[in-house]
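From a predicted model like this one, the values you see are computed outputs, not experimental measurements.
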Amino acid sequence: MAERLKVAVIGTGSLGKEHARLYADLASANRHLLQFAGVHDSNPLAAEKIADKYRVPFFSSLSVAVSAADAFSIVTPTNTHFEIARELLQAGKHVLVEKPMTESSRQAAELVQLAQSKDLILQVGHVERFNPVFKYMESVATEPRFIEAHRLSPYPARSTDIGVVLDLMIHDLDVVLAFVKSPVVHVDAVGIPVLSQSEDIANARLRFANGCVANLTASRVSVERLRKIRVFSSGPMTSYVSLDYRAQEGFIYRIAHDGEEESSLLKKLLHARDSTIVSEFGGKKIVREPVPIEKDEPLKLELQSFIRCIREKQIPIVSGESGKRALDLAMEITRQVQNIRVSAA
């Protein structure tokens, strides 16, 4: 693809405006390769404000937008994802649809099949897969045995049309499905509504075929914002990794190698900030080290990957199939949560 790729954003709310910002930045830095073609929103005033800010066209309708761009970010309420994505794919356009990709597994399957039949890119916006934290975690925790994730936030001004499982927990579901690389064989879930009609707090315990267990908690009625994951891994290097998605930092706890106490590397580590021997027993030492993560903006990396997949005809890191797997699991958790509420009533 030698000509400039034209990208547009459908939906200019709290997240859509961030897509617009980054497309504008990427287009400015790569004028010969990328053009930010414009924006569309059901709220014309919101879209016009973003269009004016980045000096791009405001599309009065989706049909007008379709004729002006090659690829689209769909950043609209979940109940609109399927219809918009289907129309764009049928028109031969590449699509990045925010999570959750659709309201149902049937809709997701239809989009996946449509994209495949037309040889188009369908990517799902599970942004944590582009967080440098995830890349580091994959490199060190090679045989995860137990995973614990917490994703907490105050009550949002957006995504109130869905419960906390589809709003927040689905990020961690996508992460563990990609990370563990083994099918889920058992799910136990519970959740309760607090401020909305659907669940605002939920917990799910997943057991995988390879024996790994993941315990995930999500809340959107918390007083603090928290996005953390802890992984206990076996294998050649038994370790425990505690990572913060938001701060893009954390620690790895591991057993020091024989003779490492006298090595110059360990001495440097132990003199470094936040590095220490935290436990000793039977001649073995557990060393805590800050992890070497190069920080970056995950959403920017996600959009860059989307563009690269289109230009180089690559399978997306978070493909439509990956998005559907996370959605299927989220729907099962939601079903269990709702059944428990009905039983309790």
Side-chain angles (χ1 to χ4, degrees), residues 1-11 15-16 18-39 65-66 68-76 81-82 84-102 107-135 138-139 170-171 173-175 177-179 181 294 296-327:
M1 184 179 291
E3 68 276 8
R4 285 199 302 174
L5 179 70
K6 298 177 182 178
V7 296
V9 176
I10 308 300
L15 183 54
E18 299 303 322
H19 280 244
R21 171 181 63 84
L22 288 166
Y23 278 136
D25 289 347
L26 293 171
S28 178
N30 302 274
R31 294 183 186 277
H32 63 297
L33 295 175
L34 185 68
Q35 177 184 344
F36 183 21
V39 298
V66 166
D70 309 303
F72 293 81
S73 279
I74 300 175
V75 201
T76 58
H81 285 181
F82 174 67
I84 295 174
R86 183 172 62 176
E87 182 172 341
L88 293 174
L89 290 169
Q90 287 175 336
K93 308 300 178 178
H94 304 286
V95 168
L96 189 164
V97 59
E98 269 300 336
K99 61 78 198 168
M101 64 184 293
T102 55
Q107 292 175 338
E110 183 175 334
L111 294 184
V112 169
Q113 191 280 327
L114 182 57
Q116 290 175 343
S117 68
K118 291 183 169 289
D119 196 24
L120 295 168
I121 298 298
L122 173 61
Q123 181 170 321
V124 183
H126 287 288
V127 72
E128 295 294 27
R129 285 253 230 125
F130 298 89
N131 193 313
V133 163
F134 179 74
K135 184 177 181 180
E138 277 195 311
S139 70
I170 196 168
H171 280 296
L173 296 174
D174 173 70
V175 163
L177 287 174
F179 183 48
K181 297 178 177 63
E294 186 175 345
D296 208 336
E297 184 173 3
L299 183 57
K300 180 191 74 175
L301 299 176
E302 179 182 71
L303 299 187
Q304 287 176 324
S305 181
F306 177 52
I307 293 165
R308 184 166 55 252
C309 287
I310 295 169
R311 300 196 69 87
E312 300 179 7
K313 298 182 186 267
Q314 297 178 349
I315 297 174
I317 291 173
V318 188
S319 63
E321 293 92 331
S322 294
K324 181 181 179 299
R325 283 195 294 272
L327 177 64

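- When all heavy atoms are compared, the tightest approach of Ile310 to Ala71 is CD1-CB, 3.6 Å.
- When each of Val97, Val95, Thr76 is tested with Ile84 by the rule side-chain contact (heavy atoms from CB on, under 4.5 Å), just one qualifies, namely Thr76.
- Side-chain contact between Lys93 and Glu87 is absent, with no heavy atoms from C-beta onward closer than 4.5 Å.
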Show which side-chain atoms of residues 115-122 pair as donor or acceptor with protein atoms under 3.5 Å away, not counting sequence neighbours.
from   : atom 1 : to     : atom 2 : distance (Å)
Gln116 : NE2    : Glu321 : OE2    : 2.7
Ser117 : OG     : Gln113 : O      : 3.4
Ser117 : OG     : Leu114 : O      : 2.8

Check the pair Arg4 / Leu33 against side chain to side chain contact (heavy atoms under 4.5 Å, CB included), numbers first and verdict last. CA-CA 4 Å; Arg4 285 199 302 174; Leu33 295 175; 5.7 Å; no
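- Considering every non-hydrogen atom in both Gly320 and Val124, the closest pair reads CA-CG2, 4.1 Å.
- Considering CG of Leu303 and CD of Gln123, their distance stands at 8.0 Å, rounded to 0.5 Å.
- Between Ser322 and Arg129 there is a side-chain heavy-atom pair separated by less than 4.5 Å.
- Counting heavy atoms from C-beta on, the side chains of Lys181 and Glu138 come closer than 4.5 Å.
- Taking each heavy atom of Ala108 and Met101 in turn, the nearest pair found is CB-SD, 3.8 Å.
- Side chains of Leu26 and Phe36 form no contact here, defined as non-hydrogen atoms less than 4.5 Å apart.
- Using a 4.5 Å heavy-atom threshold, the side chains of His19 and Glu98 count as touching.
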Step-by-step side chain to side chain contact (heavy atoms under 4.5 Å, CB included) determination, Phe72 to Leu96: CA-CA 6 Å; Phe72 293 81; Leu96 189 164; over 6 Å; no
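- In this structure, the side chains of Phe306 and Pro316 stay at 4.5 Å or more apart for every pair of heavy atoms.
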Please lay out, stage by stage, how Lys99 and Asp174 fare under the test side chain to side chain contact (heavy atoms under 4.5 Å, CB included). CA-CA 10 Å; Lys99 61 78 198 168; Asp174 173 70; over 6 Å; no
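- Of all the heavy atoms in Ser319 and Ile315, the pair that sits closest is CB-CG2, 4.3 Å.
- Lys300 pairs by the salt bridge (charged side-chain N to carboxylate O under 4.0 Å, His left out) definition with Asp296, not counting sequence neighbours.
- Note that the CD1 atom of Ile307 and the CD atom of Glu302 stand 11.0 Å from one another [nearest 0.5 Å].
- Pairs engaging residues 20-29 under the side-chain hydrogen bond (donor to acceptor under 3.5 Å, both in side chains) rule: Glu18-Arg21, Arg21-Glu297, Tyr23-Ser73 [sequence neighbours left out].
- Salt bridge Glu294/Lys135: absent, no basic N to carboxylate O contact under 4.0 Å.
- Taking the side chain as every heavy atom from C-beta outward, Val127 and His171 approach each other to under 4.5 Å.
- Between the side chains of His81 and Gln107, no donor-acceptor pair is found at a separation under 3.5 Å.
- Contact record, Leu327 with Pro100: CD1-CB, 4.1 Å, taken as the closest heavy-atom pair.
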Under the side chain to side chain contact (heavy atoms under 4.5 Å, CB included) criterion, do Leu89 and Leu111 qualify, and how do the steps go? CA-CA 8 Å; Leu89 290 169; Leu111 294 184; 4.1 Å; yes
